[in-house]
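These values consider heavy atoms only, across backbone and side chains, with no hydrogens, waters or symmetry-generated copies. This structure is a prediction, so every number in the text was calculated from the model and none was measured.
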Amino acid sequence: MELNSDLMHTASAPAVRVRFCPSPTGTPHVGLIRTALFNWAYARHTGGTFVLRIEDTDPARDSEESVRQLLDALDWLGLDWDEGVGKGGQYGPYRQSERMELYADVAAKLVAGGFAYESYSTPEEVEARHVAGGRDAKTGYDGFDRNLTAEQRAAYRAEGRTPVLRLRMPDEDIEFTDLVRGKVVFPAGSVPDYAIVRASGHPLYTLVNPVDDALMRITHVLRGEDLLSSTPRQIALYRALVELGLAERVPQFGHLPYVMGRGNRKLSKRDPESSLFLLREQGFIPEGLDNYLGLLGWSIGPDRDVFALSEMAERFDIAHVSPNPARFDLDKAKAINAAHIRALDPGDFAERIVPIMHSAGLVSAPTMPALALKERRILTEAAPLIRERTVLLGDVPTQLSFFFTPDDAVPYQDSALASLGGDAAQVLAAAQAVLEAEPADLDAPSLQQVLRAALVDGLGIRPKVAFAPIRVALTGRTVSPPLFESMLILGRPSCQTRLRTLSTHLA
RNA sequence: GCCCCCAUCGUCUAGCGGUCUAGGAUUCCGCCCUUUCACGGCGGCGGCACGGGUUCGAACCCCGUUGGGGGUACCA
């Protein structure tokens with residue numbers, strides 16, 4: 001019997017703690033959400049803890065509205081968190097705006113311990129030194145202020161300068177094993193001493209993010225590839241925090257591939273498919289989006305790509321995440337979404353289409369119980385008919401609108417009218433005669449049978465041609481849900497009026 | 001300039017040295033089913049970036065090249 005390596009791992013290592021730490025700027029982006037999904041999946045797979053922290057250190061760009069949207073998004077997608085904003089926990093507060101004293105305290109300790117220092121050089125001065133030294137102007141900070149004496153610092157202050165705080169990068173290679181990319185090495189000297197606190201005293205992301213991860217005892221940092229090159233800086237900071245007794249250990253890092261848009265660019269806010277809420281408005285369902293996003297950099301198995309969130313939690317393994325960038329393909333996303341819609345049970349599907357039918361102005365209320373009886377009946381009966389024809393919930397109103405139009409005012413599409421052959425009038429008349437003569441309680445197959453007998457056998461018209469005028473009469477279109485089932489939902493009087501109306505229209 | 005990452009059908013991926021004349025999904029195109037459209041079924045087009053190694057054997061390991069991306073801020 002083979003030992004489960006995951007179990008062995010969790011038995012010897014501390015319990016997994018991962019986090020999702022968005023900045024509340026703007027509406028949720030699918031790249032961001034994919035990161036949340038993978039963190040969630042890793043936490044659930046390992047039985048670990050999923051922490052939600054809000055990185056709101058930029059009052060100019062952050063908004064409470066954005067925080068709300070973030071929570072809404074996670075909630076909608078079924079990505080629940082165990083600790084953090086809205087949940088509490090022993091490492092709070094979980095909003096960085098409420099942790100400012102903590103950062104000031106840590107920064108002071110870093111300086112006192114010699115891990116960070118005051119730097120008075122302006123960017124212009126640094127650049128001038130590079131140029132004078134024959135180096136490229138874009139070379140980073142040169143470490144000029146590393147060993148300033150107290151007298152020198154006092155002199156700068158006397159000039160009215162206020163220093164930024166920089167972390168002293170160790171003069172050695174920094175290497176780590178990335179969970180998705182393997183060993184990564186940054187040569188000594190390739191990462192300059194970097195600013196952790198502004199001259200104004202405002203702490204920077206470079207300080208605040210690792211400090212919180214350390215204080216919150218995060219064990220695995222799974223984040224976007226864009227942060228890969230800042231990892232050596234964070235590791236250096238972490239090591240300092242460990243020496244100061246503020247962190248237990250350096251966490252493991254895993255850098256998730258980019259989610260790309262058109263061309264060779266990262267999916268940006270400008271791309272419409274990047275907005276989670278826009279996708280939701282179009283009629284993606286959470287099951288579909290979770291699944292599709294899960295496919296961006298991860299695979300559940302060789303011959304499968306439709307799965308439930310719970311299966312992802314069961315099978316997700318960070319080691320099997322692909323390191324290369326994934327393009328967001330709307331066609332594939334739709335196909336996955338359609339598969340999940342088809343898998344919905346009809347009652348569930350019926351309930352989910354109510355809000356969108358309401359937005360389209362076709363029904364009177366946004367929820368099933370609030371609907372008029374007749375509306376509820378139509379939606380419930382029509383839902384199974386269109387479920388397998390629906391890729392996005394947004395496709396539903398056009399498919400069902402004919403059920404909700406007055407019988408004598410069905411809007412005919414020009415192309416539908418144009419498609420009608422010369423025998424349309426004859427067909428319409430024959431169909432009316434059939435409805436007149438036959439009992440009212442026919443089921444769909446029987447209805448088909450009698451109409452077929454009259455039109456195909458009786459008039460000698462091919463089925464494909466024979467039923468077209470009826471479809472146009474009832475729906476105004478050449479494409480519709482199954483005809484006979486639709487007739488039953490409309491009811492005989494409606495059908496008769498609609499047949500008669502088109503006859504008149506054609507005459 | 002310097003540092004880092006990436007490289008299998010158009011796209012997402014499986015592949016972790018022999019089972020690969022490279023599998024699945026999506027898209028597109030046929031055919032079947034069929035009252036339309038879908039669903040479903042069947043079939044087709046289409047790929048290991050290039051060059052060197054290592055090895056009996058390489059899509060898989062190493063090096064290089066090329067191509068893409070990111071970083072190099074008192075942004076996050």
[atom1] of [X] versus [atom2] of [N]: gap in Å, rounded?
X        : N     : atom1 : atom2 : answer
A:Met260 : B:C6  : CE    : C1'   : 10 Å
A:Asp395 : B:U36 : CG    : P     : 20 Å
A:Asp317 : B:C16 : CG    : C1'   : 13 Å
A:Phe349 : B:C39 : CZ    : P     : 14 Å
A:Lys183 : B:C6  : NZ    : P     : 14 Å
A:Leu483 : B:U34 : CG    : C1'   : 13 Å
A:Leu267 : B:C12 : CG    : C1'   : 14 Å
A:Arg233 : B:G70 : CZ    : C1'   : 12 Å

(message) With a 3.5 Å distance limit and no angle check, can you tell me whether A:Arg153 reaches the backbone of A:Leu148 through a side-chain donor-acceptor pair?
(response) yes
(request) Pick out which of A:Trp298, A:Phe307, A:Phe328, A:Phe284 makes a ring pair (Phe, Tyr, Trp, His ring centres under 6.0 Å) with A:Tyr292. (result) A:Phe328
Which listed nucleotide ([options]) is nearest to the side chain of [X]?
X        : options             : value
A:His320 : B:C75, B:C74, B:C16 : B:C16
A:Val164 : B:C74, B:G40, B:A76 : B:C74
A:Asp329 : B:C74, B:U26, B:U36 : B:U26
A:Arg181 : B:U13, B:C5, B:U36  : B:C5
A:Ala326 : B:U13, B:C3, B:U36  : B:U13
A:Ser299 : B:G23, B:A14, B:U35 : B:A14
A:Ala335 : B:U27, B:A25, B:A76 : B:U27

Would you say [X] reaches [N]'s phosphate, i.e. side-chain N/O to OP1/OP2 under 4.0 Å?
X        : N     : value
A:Arg471 : B:C37 : no
A:Asn324 : B:U8  : yes
A:Arg452 : B:U35 : yes

(message) Suppose we call a contact any N or O donor and acceptor under 3.5 Å apart; does that hold for the side chain of A:Arg327 and the base of B:U11?
(response)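 Absent.
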(request) Look at the side chain of A:Arg389 and the base of B:C37, then say whether one donor and one acceptor between them are separated by less than 3.5 Å. (result)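 Under the 3.5 Å cut-off, the side chain and the base do form a donor-acceptor pair.
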(request) Decide yes or no on salt bridge (charged side-chain N to carboxylate O under 4.0 Å, His left out) for A:Arg99 and A:Asp212, but give the supporting numbers first. (result) CA-CA 9 Å; A:Arg99 300 172 64 82; A:Asp212 280 347; 2.8 Å; yes
Rounded distance in Å between the [atom1] positions of [N] and [M]:
N     : M     : atom1 : result
B:G51 : B:A38 : C1'   : 50 Å
B:G70 : B:G64 : P     : 23 Å
B:G41 : B:U54 : P     : 49 Å
B:C37 : B:C32 : P     : 13 Å
B:A59 : B:C16 : P     : 13 Å
B:A7  : B:C63 : P     : 14 Å
B:G30 : B:C48 : C1'   : 28 Å
B:U26 : B:U36 : P     : 23 Å

Opposite nucleotide pairing with [N], Watson-Crick or G-U, both atom distances under 3.5 Å:
N     : value
B:A49 : B:U65
B:A25 : B:U11
B:G1  : B:U72

(message) On RNA chain B, compare the nucleotides closest to A:Pro257 and A:Pro163; which residue's is nearer the 5' end?
(response)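 Upstream on the strand: A:Pro257.
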(message) Closest-nucleotide mapping onto RNA chain B: is A:Thr122 or A:Glu485 further toward the 5' terminus? I mean the 5' end.
(response)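 Between the two, 5'-proximity favours A:Glu485.
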(request) Show the numbers, then the answer: is there a side chain to side chain donor-acceptor pair (under 3.5 Å) between A:Arg477 and A:Thr398? (result) CA-CA 10 Å; A:Arg477 302 166 172 271; A:Thr398 60; 5.4 Å; no
(request) Using a strict 4.0 Å threshold on nitrogen-to-oxygen distance, state whether A:Arg239 and A:Glu172 make a salt bridge. (result) yes
(request) Pick out which of A:Val180, A:Ile318, A:Val321 makes a side-chain contact (heavy atoms from CB on, under 4.5 Å) with A:Leu222. (result)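 When side-chain contact (heavy atoms from CB on, under 4.5 Å) is applied between A:Leu222 and each of A:Val180, A:Ile318, A:Val321, only A:Ile318 qualifies.
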(request) Give a yes or no on whether the ring-centroid distance for A:Tyr141 and A:Tyr194 is below 6.0 angstrom. (result) no
